[in-house]
Structure formats: structure tokens, C-alpha cells
Amino acid sequence: MLHNKTVAVVIPAFNEERQIRMVLESIPDFIDRIIIVNDGSTDKTSEIVMSIINADKKDYSNSDIAEAIPGTTIYDAPEQALHRFHKEEDERLTESVIANKNPEKDRIILIEHIQNSGVGAAVSTGYSWCRQNNIFCTAKVDGDGQMDPRELERICEPVITNNIDYVKGNRLLHRSSKLIIPNHRFWGNSVLSILTKIASGYWKVSDTQTAFTAISLRALKILQLDKIYKKYGYPNDILVRLNIASCTLTEVEIKPIYNIGEQSKMKIFKLVPRILKLLTVSFFRRLWLKYFIRDFHPLFLFYFLSFFLFIIDIPFFIELIRNFLVRGNLTPDSWLIIYIFLTISSFQAFLFAMWMDIQDNERLYK
């Protein structure tokens with residue numbers, strides 16, 4: 001426990017037999033539960049985790065961890081409805097089984113996915129267990145050893161002491177980031193961070209691809225875990241979903257760690273197009289849900305006005321290029337004036353919308 005609050009860490013693992021023992025043995029003592037979600041590994045990851053579980057003879061059943069069950073009075077009806085909703089939601093998650101013989105007594109919980117479903121699906125399964133067991137703060141660490149567990153306390157501290165909903169590690173803040181992070185990953189991460197700012201509404205975040213995070217129980221109850229993106233783009237998806245729910249966020253400087261024996265399973269050329277598609281869809285979902293359905297805001301009109309003017313502007317741009325390059329003629333003055341007007345108006349509307357977006361979400365970044 002940390003400051004008398006329950007803390008768990010979720011560790012998704014896929015073929016991590018070389019690293020998983022080191023990761024587990026380095027988890028600090030204040031962590032009450034360690035949730036390993038084995039996402040259909042074909043190596044000895046599961047056997048190694050079970051050997052560690054069996055070697056630990058301590059009984060952890062006296063901790064304050066217990067399933068959150070709402071009251072039974074008529075005034076508890078909203079909590080009862082939410083409890084039923086979460087139960088139904090959990091049933092839609094990737095099919096899994098708990099491998100422990102006595103999970104209520106073990107500190108390390110091994111959850112086995114029946115089939116490989118992706119890191120986002122594994123994290124959702126781990127989050128589900130923590131939500132069911134009323135964990136106050138749930139951290140997330142990768143199973144490949146690229147995150148220093150000694151930094152877990154700093155990651156969890158804002159959730160525990162300041163009631164922050166989501167804490168995200170940031171490797172780009174560390175002075176060694178340009179020295180340690182491979183160039184293609186550094187610049188790729190930077191570009192995706194810019195796009196995620198726009199899509200998520202958290203305009204001050206960076207290093208959006210890091211998954212060293214901590215989340216509050218309140219935020220876990222808000223998230224629809226079965227809807228979270230199942231693959232590597234899940235951190236971006238979670239940010240958008242948290243922003244729609246107006247959850248608070250802060251960042252903590254963490255060390256960039258590479259070349260310690262991990263094997264990257266990401267395929268960059270497949271990953272980037274998928275994340276770009278995810279961010280585009282997420283951006284429009286955020287605008288629709290947060291700024292039209294739940295609480296109307298003028299930035300909704302400005303954003304869509306800018307897109308509308310941009311679309312109208314496309315035929316004029318094509319005609320301008322065709323006249324100049326193909327026909328060798330100058331564009332008529334009237335067409336040129338319309339094109340310039342639409343271009344400037346679209347750009348101005350987008351800037352107004354972006355400025356309003358930044359101002360509205362300033363309160364969420366702590």
C-alpha cells in the first residue's frame with residue numbers, strides 16, 4: 001500500500017520469457033497486487049510466472065483488497081446499475097482464465113488470454129481485475145523490462161495524494177532522451193505526440209506512446225474497457241476517452257530505457273497508418289460527444305466550419321493547378337479570389353477552434 005491506499009500494477013506479457021522474471025523481482029514492496037496478463041505467449045512466460053507464484057508462500061489474503069459491491073437500498077440504485085454494466089462489460093472482454101489456484105491469497109495474479117488479442121486487450125483485462133477488486137491506483141508496466149519499477153512510486157503518487165485521474169510517464173523530458181532513444185523512434189514519437197494532442201484535447205502531453213502510467217479507480221469506472229483499442233495504439237485511445245470524460249492528467253519524467261535484451265514486437269510501417277486512422281476517428285468522436293452531445297461548445301462549429309470550407313476549396317485548388325500546369329492559362333481572377341478567401345477562412349476557423357480547445361482543456365492538465 002502507498003499512503004494507506006491499495007496499489008496494483010498490470011503487466012501485459014507476450015513471449016517475455018527472457019525479461020519477465022527480472023521485471024517481477026524488481027517490483028517494489030508497496031505494490032499490493034501484480035497482475036500478469038499473458039496474451040497467448042508461445043514461449044515459457046507462463047511457466048516462469050507460475051514458478052514465482054508457487055515459490056512465494058506468503059498469504060496476502062488479509063489485505064484491504066475486496067470486490068466492490070454496491071449497497072442494497074433504493075438510494076444505491078445508480079451504483080447497482082453501474083455494477084451490472086461493468087459485469088456485462090467484463091464479459092465482452094477477451095476470453096481469459098485466472099491460472100492461480102488461490103488468487104485471493106497470492107500477490108501475483110496470472111491471467112491467461114485464451115488467444116493472442118493485442119497489448120491493449122491485455123491491459124483492459126488487467127484493468128478489469130483491478131476495477132472488480134476496488135484497487136485505488138492501478139499502474140501499468142510492460143513485461144519487456146523497458147520501464148524502471150523503481151519509478152513506480154513517482155508514477156502513482158499523484159493519483160494517491162492529489163486525486164489525479166491519469167498519470168503518464170514522459171521519456172522526452174529526460175535529458176538523455178535524444179542520446180538513448182533511437183532517432184526513428186524519437187521523431188516518430190514526436191510526430192504522433194503532436195497528432196495525439198489534437199485528437200485527445202490534452203494539448204500539453206508529449207511522448208504519447210509511452211505506456212508507463214497510473215490510473216485512478218474513478219477513471220477505471222468511467223472507461224468502457226471493452227471499447228479500448230486492442231493493439232499498440234491503445235495509449236492514444238485511452239487519452240481521448242479520458243478527455244471526453246473530463247478526467248485530469250499529469251506527466252512525470254521517466255528514464256528512457258533501451259537495449260537491455262528486449263525484443264520489439266512493433267512493426268512501424270503497419271503501426272503508424274493504424275494509429276493515424278485511430279486518431280482521426282477519435283478526434284471526431286471527441287468533438288461529437290464532448291462538445292455537441294454532452295455540453296455544446298462553439299469550438300464544435302468552428303472546427304466543422306473549417307473542414308467544410310476546406311472541402312469546398314478543393315475544386316478551386318484543382319482548377320487552379322490544372323489551368324497553370326496543364327492548360328498553361330492563368331486562373332480567372334474570380335476563381336483566384338474565391339480560392340484565397342476559402343483558404344484563409346478555413347485556416348482562421350481552424351485556429352479559432354484550436355485556441356478554444358486549448359483554453360477549455362487547460363483545467364484538465366495538472
Side-chain angles (χ1 to χ4, degrees), residues 9-16 19-20 23 35-43 45 89-96 111-130 138-147 166 168-169 171 181-182 184-185 188-200 202 205 207-213 215 219-220 223-244 258 262-286:
V9 60
V10 171
I11 305 177
F14 177 65
N15 292 341
E16 301 292 0
Q19 306 292 104
I20 194 65
V23 173
I35 318 303
I36 306 289
V37 183
N38 182 26
D39 190 33
S41 296
T42 56
D43 63 359
T45 298
E89 182 182 295
D90 292 339
E91 292 175 359
R92 294 192 294 269
L93 295 174
T94 301
E95 187 178 359
S96 62
I111 302 178
E112 300 272 7
H113 273 181
I114 302 303
Q115 63 181 12
N116 178 263
S117 300
V119 63
V123 171
S124 294
T125 297
Y127 278 173
S128 172
W129 189 95
C130 294
T138 300
K140 185 268 172 185
V141 170
D142 283 338
D144 60 5
Q146 280 195 287
M147 299 167 184
Y166 195 64
K168 195 179 69 59
R171 297 165 295 183
I181 302 177
H184 67 286
R185 289 186 178 274
N189 194 338
S190 299
V191 172
L192 287 175
S193 293
I194 293 173
L195 297 177
T196 303
K197 289 172 186 281
I198 299 173
S200 71
Y202 289 117
V205 302
D207 192 15
T208 54
Q209 303 316 113
T210 187
F212 198 178
T213 61
I215 189 169
L220 281 185
L223 285 177
Q224 284 188 259
L225 300 181
D226 61 320
K227 301 294 185 182
I228 292 175
Y229 191 70
K230 297 184 184 300
K231 304 298 182 181
Y232 277 105
Y234 82 90
N236 312 79
D237 188 34
I238 285 178
L239 284 173
V240 176
R241 294 180 183 277
L242 290 173
N243 186 275
I244 291 173
Y258 286 86
E262 78 282 358
Q263 288 183 323
S264 177
K265 302 174 185 68
M266 289 190 297
K267 295 178 174 59
I268 298 297
F269 293 106
K270 289 185 178 181
L271 174 66
V272 171
R274 290 175 181 173
I275 293 183
L276 290 178
K277 179 181 177 182
L278 171 67
L279 290 175
T280 301
V281 173
S282 298
F283 171 73
F284 286 103
R285 185 176 74 245
R286 179 174 71 89

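Everything quoted here is computed from the prediction, not taken from an experiment. Sequential numbering from 1 along the given sequence is applied to the chain's residues.
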On a heavy-atom basis, which atom in I198 and which in R286 lie closest, and how many Å separate them? O-NH2, 3.0 Å

Quick one: pull up CE in M147 and CD1 in I11 and give me the separation to the nearest 0.5 Å. 10.0 Å

Check whether any side-chain heavy atom of I114 lies under 4.5 Å from a side-chain heavy atom of S96, and answer yes or no. no

Would you say V23 and E16 make side-chain contact, with heavy atoms under 4.5 Å? no

Take atom CZ in R274; do more than 12 heavy atoms of anything else shown fall under 6.0 Å from it? no

Can you name the side chain to side chain donor-acceptor pair (under 3.5 Å) partners of S41, sequence neighbours left out? N38

How long is the gap from OG1 on T94 to CG on N116, to the nearest 0.5 Å? 9.5 Å

Main-chain N/O of Q146 paired to D144 side chain as donor or acceptor, under 3.5 Å: yes

So, taking the atom named CG in L223 and the one named OH in Y127, what distance separates them when rounded to the nearest 0.5 Å? 8.0 Å

V10 to C130 - nearest heavy-atom pair and separation: CG2-SG, 4.0 Å

Pairwise distance CD1(I275) to NZ(K231) - rounded to 0.5 angstrom: 13.0 Å

Shortest non-hydrogen separation from G169 to T210 and the atoms involved: O-CG2, 2.7 Å

Once you round to the nearest 0.5 Å, how far does CD1 of I20 lie from CG of D43? 10.0 Å

Distance in Å, I215 CD1 paired with K168 NZ, rounded so as to fall on 0.5 Å steps: 13.5 Å

D39 and its side chain to side chain donor-acceptor pair (under 3.5 Å) partner, picked from Q115, H113, K230: H113

Just wondering, are more than 12 heavy atoms of other shown residues or ligands nearer than 6.0 Å to CD in Q224? yes

Smallest separation among heavy atoms of L279 and L192, with atom names: CD1-O, 4.4 Å

Locate the shortest heavy-atom distance separating L225 from S124; write the atom from each residue and the value. O-OG, 3.2 Å

Report yes if the side chains of V123 and I228 come closer than 4.5 Å at any heavy-atom pair, otherwise no. no

Check: residues 234-243 side-chain donor-acceptor pairs under 3.5 Å, at least two apart:
| from | atom 1 | to | atom 2 | distance (Å) |
| --- | --- | --- | --- | --- |
| Y234 | OH | K140 | NZ | 3.1 |
| N236 | OD1 | Q209 | NE2 | 3.3 |
| N236 | ND2 | T196 | OG1 | 2.9 |
| N236 | ND2 | Q209 | OE1 | 2.8 |
| D237 | OD1 | R241 | NE | 3.3 |
| D237 | OD1 | R285 | NH2 | 3.3 |
| D237 | OD2 | Y229 | N | 2.8 |
| D237 | OD2 | R241 | NE | 3.0 |
| R241 | NH2 | K227 | O | 2.9 |
| N243 | OD1 | K290 | NZ | 2.9 |
| N243 | ND2 | S200 | O | 3.1 |
| N243 | ND2 | N361 | OD1 | 2.8 |

Any donor-acceptor pair under 3.5 Å linking the side chain of N15 with the backbone of T42? yes

Minimum heavy-atom distance between S128 and D90, given as atom pair plus value: OG-OD1, 2.8 Å

